[in-house]
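I have placed the structure first, in the form of structure tokens, so that the comments after it can refer back to it.
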Amino acid sequence: MRVVITDPNLQPLSDELEALLPADTETVWATTPDTVLEALPNADVLVGPAFSQEMAAVAPGIRLVQVAGAGTDRIDPKALDGIILANTYNHEDSIAEYIVWALIALRRQLPQADAALRQGRWLSPVYDATLPQPQSLASASIGFVGLGHIGRATWRVLRAFGAQGQAVTGSGRADAEGLNWAGDTSQLPRLLDESDALVVSAPLTDATRGLIGAIELERLGRDGVLVNVARGPLVQEQALYDALRDRTIRGAALDVWYSYPGPDGLGKPADAPFGELDNVLLTPHLSGITRQTFLGRVQDIAANITALAQGNELRNVVQL
């Protein structure tokens, strides 16, 4: 079996992955754009984030496209035509850590305190009576937009802190204990009215693109904070920038973006100048990037390739 791996995030664990594959597996690492098409002929499996009709045309023997993550938005459904598509997760605990860190930092204005102290100013209610005492997570009311692997893992942690929670999902259901309520996206206005922090982790679809705009951010309110770990375009770019600039909301943590760099890792993440604002945490889509995430993914990927070789049922099969 010939397996072509195009996801560079798996390279640090290449030894671990190859050790788990069937003994007769030929692995080809093609992690730069100019090597992918050359590697695909005679491939049985593609492990990577993208699959196009051009790729399918040079690899008629492919039986499995295995995404080394959750998102399948770079897979062209027309390219599959009888090919199995599967994904994997294992990032939820790492992203939950990020979300909790971001909520604490935003609600307690820790970045601003750090910046001020570097200039000799002690930005604390102890030294400035005009500053309000910040709220702890125990007082937080968290609204979840999407409650899949990431949302459920995050809710387990936040619930342990004593936070309240509610969620809207595509189905209107939420498989999580202790929430105040769950509804479909028609309940988004209620969610915003009842939440002082919004965690966005829903998949990007035609239905969710631009779901959160100026009206929704205004409902979140001046003390509200937003954390987006889903995909940038779920939240309208200009509306979000305007809400942060004008203090319509208190702050945001953005780990997902509106444009992405090439392989050199250089490039602006958005047209709007978010970097000029002091109430936003900017991170380069790293919330789920830990060794523990990819160790789990390697195990899932190897299990699916082994199942394919043995004619057994695969896990996490996706229907587009």
Side-chain angles (χ1 to χ4, degrees), residues 1-91 94 149 203 231 260-267 284-320:
M1 178 176 292
R2 180 180 171 91
V3 176
V4 175
I5 305 169
T6 65
D7 193 327
N9 293 305
L10 296 173
Q11 278 194 308
L13 294 166
S14 59
D15 290 344
E16 288 84 349
L17 175 57
E18 292 179 11
L20 292 170
L21 295 174
D24 61 347
T25 303
E26 175 192 4
T27 56
V28 180
W29 293 82
T31 55
T32 59
D34 58 337
T35 61
V36 171
L37 292 178
E38 295 177 6
L40 280 175
N42 303 315
D44 298 286
V45 177
L46 171 75
V47 179
F51 190 62
S52 65
Q53 294 183 63
E54 182 183 17
M55 295 165 73
V58 300
I62 285 215
R63 293 184 283 157
L64 169 65
V65 172
Q66 173 70 61
V67 178
T72 58
D73 46 293
R74 294 176 61 192
I75 305 297
D76 185 346
K78 296 179 181 178
L80 293 173
D81 192 21
I83 299 169
I84 299 170
L85 173 65
N87 65 356
T88 179
Y89 297 89
N90 298 286
H91 57 314
S94 296
H149 289 74
R231 291 290 186 267
Y260 279 79
D264 61 0
L266 299 175
H285 208 149
L286 52 63
S287 59
I289 307 301
T290 65
R291 184 171 178 82
Q292 286 64 42
T293 291
F294 284 95
L295 281 170
R297 289 180 174 180
V298 158
Q299 292 169 3
D300 282 354
I301 292 165
N304 263 0
I305 293 171
T306 300
L308 184 72
Q310 296 175 349
N312 295 328
E313 186 176 355
L314 278 65
R315 65 181 69 173
N316 293 326
V317 173
V318 178
Q319 302 293 336
L320 293 184

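Every heavy atom of this structure was used, including side-chain atoms; hydrogens, water molecules and symmetry mates were not.
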For [X], what residues pass the side chain to side chain contact (heavy atoms under 4.5 Å, CB included) criterion, not counting sequence neighbours?
X	answer
Gln310	Thr306, Asn312
Asp300	Thr88, Asn90, Arg315, Asn316
Thr290	Ser94, Gln292, Thr293
Glu54	Leu37, Ser52

- Item | Backbone N/O of Phe51 and side chain of Arg74: donor-acceptor pair under 3.5 Å |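 No: the side chain of Arg74 does not pair with the backbone of Phe51.
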
- Which residue pairs pass the salt bridge (charged side-chain N to carboxylate O under 4.0 Å, His left out) test with at least one member in residues 6-16, sequence neighbours excluded?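 Matches after skipping sequence neighbours: Glu16-Arg291.
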
- Taking only residues at least two apart or on different chains, which pairs with a member in residues 22-36 satisfy salt bridge (charged side-chain N to carboxylate O under 4.0 Å, His left out)?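 Qualifying pairs, neighbours excluded: Arg2-Glu26.
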
- Where at least one partner belongs to residues 40-51, residue pairs that pass side-chain hydrogen bond (donor to acceptor under 3.5 Å, both in side chains), sequence neighbours excluded: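 Output for this query is empty, none listed.
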
- Query: For Ser14, which residues count as a side chain to side chain donor-acceptor pair (under 3.5 Å) partner, sequence neighbours excluded?
  - Reply: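 So Ser14 forms no side chain to side chain donor-acceptor pair (under 3.5 Å) with any residue.
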
- Task: Kindly write out the residues that satisfy salt bridge (charged side-chain N to carboxylate O under 4.0 Å, His left out) with Asp76, not counting sequence neighbours, or none if the list is empty.
- Result: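 Not a single residue meets the salt bridge (charged side-chain N to carboxylate O under 4.0 Å, His left out) criterion with Asp76.
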
Which atom pairs, donor and acceptor, lie under 3.5 Å between side-chain atoms of residues 59-69 and protein residues at least two apart or in another chain?
from, atom 1, to, atom 2, distance (Å)
Gln66, OE1, Asn304, ND2, 2.8
Gln66, NE2, Asn87, O, 3.4

- Message: I need the full list of ring-ring contact (aromatic ring centres under 6.0 Å, His included) pairs touching residues 53-72, with sequence neighbours left out, sorted by first then second residue.
- Response: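 Output for this query is empty, none listed.
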
